[in-house]
Number of protein chains: 2
Amino acid sequence: MSALMGQMMQMPLMISSLIQHAARHSGSTEVVSKRVEGDMHRTTWAELELRSRKMAQVFARLGCQPGDRVATLAWNGYRHVEIYYGSSGSQLVVHTINPRLFPEQIAWIANDAADSVLCFDLSFLPLVEKLAGELKTVKHFVLMTDRAHMPASTTLAKLLCYEDMVAAEDGAYAWPSFDENTACTLCYTSGTTGNPKGAVYSHRSTVLHAYGAALPDAMNCSSRDVILPVVPMFHVNAWGIPYSAPLVGAKLVLPGPHLDGKSMFEMFESERVTFSAGVPTVWLGVLTYMKANQLKFSSLKRTVIGGSACPPAMMKTLQDDFGVEVIHAWGMTELSPLGTLSKLTSRQDHLSKEAQQRLLEKQGRVVYGIDMAIIDDAGKSLPWDGVASGDLVVRGHWVISSYFGKTESPMVTVDGEPGWFPTGDVATIDADGFMQITDRSKDVIKSGGEWISSIDLENIAMAHPAVHEAAAISCRHPKWDERPLLVVVKKPGAETTAADILGFFDGRIAKWQIPDDVVFVDELPHTATGKLQKLKLREMFKDHKLPTA
Amino acid sequence: MSALMGQMMQMPLMISSLIQHAARHSGSTEVVSKRVEGDMHRTTWAELELRSRKMAQVFARLGCQPGDRVATLAWNGYRHVEIYYGSSGSQLVVHTINPRLFPEQIAWIANDAADSVLCFDLSFLPLVEKLAGELKTVKHFVLMTDRAHMPASTTLAKLLCYEDMVAAEDGAYAWPSFDENTACTLCYTSGTTGNPKGAVYSHRSTVLHAYGAALPDAMNCSSRDVILPVVPMFHVNAWGIPYSAPLVGAKLVLPGPHLDGKSMFEMFESERVTFSAGVPTVWLGVLTYMKANQLKFSSLKRTVIGGSACPPAMMKTLQDDFGVEVIHAWGMTELSPLGTLSKLTSRQDHLSKEAQQRLLEKQGRVVYGIDMAIIDDAGKSLPWDGVASGDLVVRGHWVISSYFGKTESPMVTVDGEPGWFPTGDVATIDADGFMQITDRSKDVIKSGGEWISSIDLENIAMAHPAVHEAAAISCRHPKWDERPLLVVVKKPGAETTAADILGFFDGRIAKWQIPDDVVFVDELPHTATGKLQKLKLREMFKDHKLPTA
């Protein structure tokens, strides 16, 4: 016997419905951008939706066909949002490229994606001029500015002016409806090894992610919020904020290229920002500027911090000294990116403030739509006791199934059940579902069969007053197979010794986990997105002889 | 050229994933029920999920096939939740019947739905015994209790014991995955005319509704909440709370059959309820009890009030005297049911407290997932100026496309675009998207071509100190075609006259809208769900001669 079917309206989950919703129901709510051109620009969701429709017409006029990739090299600004909606909404795919990558990587990615159109901010004209010859598939170069700011001359054969093209369209465009599993966005991961790989989000996955991200236990976005994503729109869609903000009808503030402490603080204040999101380093700049000038926030209530682990000291400063709730989050490009956020539930009400703080420092609990597990090498799931650590795997509505252009599945099996994505992180999960990343699976140090978390060692080292940055890596050892080596960058002018730093570990971690040696360097190797390149570091110190060896 | 497809995990939106999520990530969070048997019962999401799996096994053992309807006659309690998930999760359809309907209506509905199984609380045994002979399709009668509470004798040929059946299963059941457009729930509307009609929700529509309902601008549900739905689970799925609560991992408190002021207040306090939802009448009882005993809430922070319009005075009392945020909401069975909720956005911050209050008294703004419009008789959309009123139409992911067992579409066209559901309400919408119901389209009074809102007249009359209840209906008039007649039930012991009440309208509404006459009655006719039967009232007064005629 066949099942009974629901008798509900059949409407695909479409990206375009987000901006339409904002235009209809929060039409006069502002979208404010600090432009690359230098000034502040103010528009509304209604106006932005109209211009997004005009951009859909522009792409059609340029000859774009369904599925074509529209690449961007752009900061956070309203034109970037218009390209997001104008392309995805008309069945094209927006491909946000990280302009901080090395030029060769940008060219490699643009060619791998086979981008047809490249839209870019004024800041990137020299870069694009340099790269143009290598971009084999790009047919149209669009400078995201108005006629007045177009360059007097350029080496590009044909350079289109964004505002001229928008002005030529009438906006008489009805957003089409199509299969919700159609691609809307292409984002490349900035892997520390090998070539970058693309994640291809669908309209469905993006809309479901937007719902999940706005929930009270996640980013808690509402029509009362003024949201400033510091995280760039080229970094996993600014964690989905350009989708969740119109979903709830929030005011959006887009900071452009200048993310220094002073610029950020002034924008938080002048636009009455209530909620922000970004990586820890940006907050470092903001806090340094505020402390130096004895400033306080007047409207900022909370911030999501992710991308890399937020140092507990920064979390404490933001909360206790500046009254800003810090929501520690974890995600990755392959997860659109939101996986977990650390917020207390009513079950933690009875805990001491210290115990609560320790939970808030973890990566947190999943949002409905994502599930997770930790597994051992045999694919057997491990207990959720906050102690057992294993490879973190996830699945859900906004997790990739394979990479762009590839058919092989990266999935693993958990307790015999296939279809889980291996994150490459090592984590613990406690009984209440709080997950804590203890390491990258490639970075864990295996000493005599026992695992030592490089992150734990780094967190302790970073608390030492003379340490600016630290990395713990594994070093070959004749007896224990691997033992930890700590690589340290001193603070400018600070004096310390290896013995002093090693002594600092006493009482802070089990004795057998204390590094065997410390070496000082002038700087640590980072990727273009600021991630520590541990592989390179291990390479650099592969012949290092530990004093214990 | 074909579009590019996303490369994301393909997982259907399944009802079962909600309870699985709660069991895995909020497993120890409580579900507390006041049982029909008289005691309080405490369980957890983990235990409830296990028992839901056992119920899926029970239904399979009873021979249920995909699509079969499992009917319930039950109050809000954990067993009712288990039936929700056990049936829907195993591809059956839960059909919640309103036990307050007239017995003949219950039989008609059960036969129309062709229910295979009927599960019912102890309170309804006499009703079911009386109806059994008329229930042509029901093969199994399940009493939702344990062995100790089974009746010594019954006229039912075979009466199954819920707890015996649960105990016989091992729970070794894996929730199946199937088409997300499969039916999960059947709810009949309690129309004021004609036979009831069934709405058939799908897994997809229900999960999307659960996301939307939990958003900050909607019910704002989080893992910090203790949620007590006063609205019954037989009344449009208790407005979706049995789905949104596990989605966020909230504690759930289910009040059973006793919804009097004392019982409700005691449960709010003992379980530290933070959020509740129900119709205005329940709050009347709670507030009366609290005032009489000089009580205050210690944990309740907010409540959604819907089902019928919340009297502004009640809203004010709850907010100002008891510190409870009132979220006025509008929905209907055909909308799963959530359509709009009235919450201020940051755009209303500059308004006076009075102007803000007037907005909060409206039915509010749509949640993303629903869109609305107001149209004239020709299907042309009307302006959103807060003044123009027209027929309210909606569309969205959780709106029905047709009624159970029917193929004809009730949809209408807006500005030439088909696919909008006509709600039967007349409303205004303002520039910020706040919708206000001004009348039912059938109840509006058309005086000389101008519309008079019966609801406006009733709200004014209800503010008169001697008026217990009032209804405004149209009465034939030789000159104006229709003129308003006010039908009033006086408060016990109160003295007033028609002239006194008509005088009360002076200065509160335009002169030409003031009723032409007032008649006093002992009671007004209501449906089984408490809705005013205006059709019946118009019938009763069809020969009434207005003094102005």
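Values below: every heavy atom of this structure, side chains too, minus hydrogens, waters and symmetry copies. Lettering follows sequence order; numbering is per chain, from 1.
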Check Asp349(A) with Arg224(B), please: is the shortest side-chain N to carboxylate O separation under 4.0 Å? yes

Name the orientation class of the two ring planes belonging to His21(B) and Tyr368(A) (parallel below 30°, tilted from 30 to 60°, perpendicular beyond 60°). perpendicular

Between Gln348(B) and chain A, with a heavy-atom cut-off of 4.5 Å, which part of the residue counts as in contact: side chain, backbone, both or neither? neither

Please flag which part of Val93(B) lies under 4.5 Å from any non-hydrogen atom of chain A: side chain, backbone, both or neither. side chain

Pick one of side chain, backbone, both or neither for Glu30(B), based on which atoms fall under 4.5 Å of a heavy atom in chain A. neither

Name the region of Ser336(B), side chain, backbone, both or neither, that has any atom closer than 4.5 Å to a heavy atom of chain A. side chain

Quick one: what part of Leu13(B) sits under 4.5 Å from any heavy atom of chain A, side chain, backbone, both or neither? both

Looking at Ala431(B), Gly396(B), Cys184(B), which one has more heavy-atom pairs under 4.5 Å with chain A than the rest? Gly396(B)

Measure Pro246(A) against the heavy atoms of chain B and call it side chain, backbone, both or neither at under 4.5 Å. neither

Counting only heavy atoms closer than 4.5 Å, note whether Phe178(B) contacts chain A via side chain, backbone, both or neither. neither

Of the backbone (N, CA, C, O) and the side chain (C-beta and beyond), which part of Trp384(B) lies under 4.5 Å from a heavy atom of chain A, both, or neither? side chain

So, the part of Phe434(B) with a heavy atom under 4.5 Å from chain A: the answer is neither

